[in-house]
Amino acid sequence: MTDVLIVGGGPVGLMTALGLAQRGVTVKLLEAEDGIVYSPRAISYAWTILPGLELLGVLDDLIAAGHPIDDRCWRIFRTGETIVYNHDAVRGITDRPYNLTLGQDVLAQVVLQHLERYPNVTIDWGTKFTGLTDTSGKVVVRADKAGTPVEYEARWVVGADGGRSAVRKAVGLTMDGFTWPQRFVVTNIYYDFEKYGWNSGYLVDPVYGAVVYKINLDGLWRFTFAEQTTQPLETVSGRIRDFIQHVLPGDKKYDLVLHTAYNMHQRTAATYRVGHVVLAGDAAHITNPTSGFGLMGGLYDSFALSEALAAVVHGSAGDEVLDRYSEQRLKIYHEVTSPISSESLRLVFNSADEERLERDLSVLRERKRDPAAMRKFLSAPAALETPSLISGRTLTQRVADSRP
């Protein structure tokens, strides 16, 4: 019987496995796919989360695999006004004043390489979770591996299997909240935005709003816009062409590498713990990605959960610490993740109210003149963190403790 069985081999599942493995916990991870799958989703990680990645020993490799970005902009499509922020205001409080950019599949691959160093972790790829039975002494997990039923026994189960989580459904939890009337249309394109003075950031407009972000140093960019979910998916490629042609500056000669579309939600389970089953990442809560708080929120789940669950496994903490994990992560979703993400979506994609837009832009402009206000804004993602449920110390404090 393994100490912890994790369902889901995405970034949150892998990161949780690494945090547990480093604390001497035996881990079995199940993933329905045959390996890490590319998905054009999260690509940016705020400076506030970098200490957590440093504590796990993966930050240097992630920086080598991705690239730092110092600035972020809001470009108003109708007027051409561009408001550019940099990280100068936080240079005095961090030695890494930048956001890290890399695809979530690359992040997962780096974490997997680190996991492979630990003999107390095994991964069963191509293994689909089908159900579980939670008894007082163990959890029996049922799965399908290449058409063959298999069973596993574990003391604890972590559901990190995404927004359609089968683990969450198996313990009787639903996702409460709502689905936005807009879907995101995501494209990866080669185009020299920088030649025309564009930075990574947002294009603000009620019709032509977009998130524009440089993916890598080879000139590949993520260009994401929103459309009503009533639009037929089978004709989305034509709308992509029309949208990009209308919005791009310059010669408009771009190379479309891939595209996908997905609905956006603001939803959460009512609790993230049921018996010996704990949820993390999108299996627990989902948000529209305009602020980039989806995967970051999931990684903060992982940091808090892996430490707390390891303490429970080793007997140095009672399992009530997992109730505190659930309570605190749920509170952060309601008070930080969802409202900030929703406000970002409103500003970028739903800015038809010109008076309100002007107020929003006034705030953006004023921050550039007020270092304290800028520091507060750039530090907002730190509110996604739950300080250690064991020691009460923040990730930054723990990094400082670990350095010579």
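The model shown is predicted, which means the values in this text are computed figures rather than measured ones.
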Would you find more than 12 non-hydrogen atoms of other residues, nucleotides or ligands less than 6.0 Å from K145 atom NZ? yes

Assess the pair H246 and Y208: is the distance between their ring centroids shorter than 6.0 Å? yes

Checking side-chain polar atoms at under 3.5 Å, does D71 have a donor or acceptor matched by the opposite partner on N199? yes

Checking S402 against R398: is there a side-chain donor and acceptor pair closer than 3.5 Å? no

Scan for side-chain hydrogen bond (donor to acceptor under 3.5 Å, both in side chains) pairs involving residues 276-298, sequence neighbours excluded, and state none if there are none. D134-H276, Q266-T287, Q266-N288, H285-D301, T287-S341, N288-T290, S291-S344

Could you pull out all residues at least two apart from L361 that satisfy side chain to side chain contact (heavy atoms under 4.5 Å, CB included)? I76, E81, I83, L357, E358, L364, R365

For E234, I'd like to know if atom CD has over 12 heavy atoms of other residues, nucleotides or ligands within 6.0 Å. yes

What I want to find out is whether D401 reaches R393 closely enough, with some N-O distance under 4.0 Å, to be called a salt bridge. yes

In terms of ring plane angle, is the pair Y191 and Y196 parallel, tilted or perpendicular, where the classes change at 30° and 60°? parallel

Got a donor-acceptor contact below 3.5 angstrom from the Q22 side chain to the L56 backbone? yes

Show, in sequence, the C-alpha distance, side-chain angles and deciding distance for V58 and D61, and conclude whether the side chain to side chain contact (heavy atoms under 4.5 Å, CB included) test is met. CA-CA 6 Å; V58 298; D61 288 341; 5.6 Å; no

State which residue, out of T230, T229, N350, fulfils the side-chain hydrogen bond (donor to acceptor under 3.5 Å, both in side chains) condition with Q182. N350

Would you verify whether the NZ or CZ of R329 falls within 45 degrees of the ring axis of Y272 while also being under 6.0 Å from that six-membered ring's centre? no

What I want to check is whether the side chains of R267 and T179 have a donor and an acceptor closer together than 3.5 Å. yes

Check for a donor-acceptor pair, side chain of R375 on one end and backbone N or O of A89 on the other, with a separation under 3.5 Å. yes

Once rounded to the nearest 0.5 Å, what's the spacing between atom OG1 of T26 and atom CG of D3? 3.0 Å

Side chains of E385 and T394: any donor to acceptor distance under 3.5 Å? no

Looking at E343 and R346, is any side-chain nitrogen of the basic one under 4.0 Å from a carboxylate oxygen of the acidic one? yes

K376 NZ: over 12 foreign heavy atoms closer than 6.0 Å: no

Do you know which two heavy atoms are closest between T396 and P51, and how far apart they sit? OG1-CG, 3.8 Å

May I ask you to check whether W221 and Y254 place their ring centers less than 6.0 Å from one another? no

Quick one: do the Y262 and R183 side chains pair a donor with an acceptor below 3.5 Å? no

Does a salt bridge link R155 with D319, judged by any charged N lying under 4.0 Å from a carboxylate O? no

Over 12 non-hydrogen atoms of neighbours within 6.0 angstrom of NZ in K252: yes

Any side-chain donor near an acceptor of the partner, Y152 and D124, under 3.5 Å: yes

Spacing of L173 atom CG and R273 atom CZ [to the nearest 0.5 Å]: 12.5 Å

Pick one: which of R91, R96, K214 meets salt bridge (Lys or Arg N to Asp or Glu O under 4.0 Å) with D70? R91

For a quick check under 3.5 Å, do Y213 and S44 share a side-chain donor-acceptor pair by atom type? yes

Run the salt-bridge test on R142 and E151 with the 4.0 Å N-O cut-off and return the result as yes or no. no

State which residues pass salt bridge (Lys or Arg N to Asp or Glu O under 4.0 Å) with E335; sequence neighbours excluded, sorted by chain then number. none

Centroid separation F184 to F349 less than 6.0 Å: yes

Taking the six-membered ring for Trp and the full ring for Phe, Tyr or His, determine whether the centres of W74 and Y202 are under 6.0 Å apart. yes

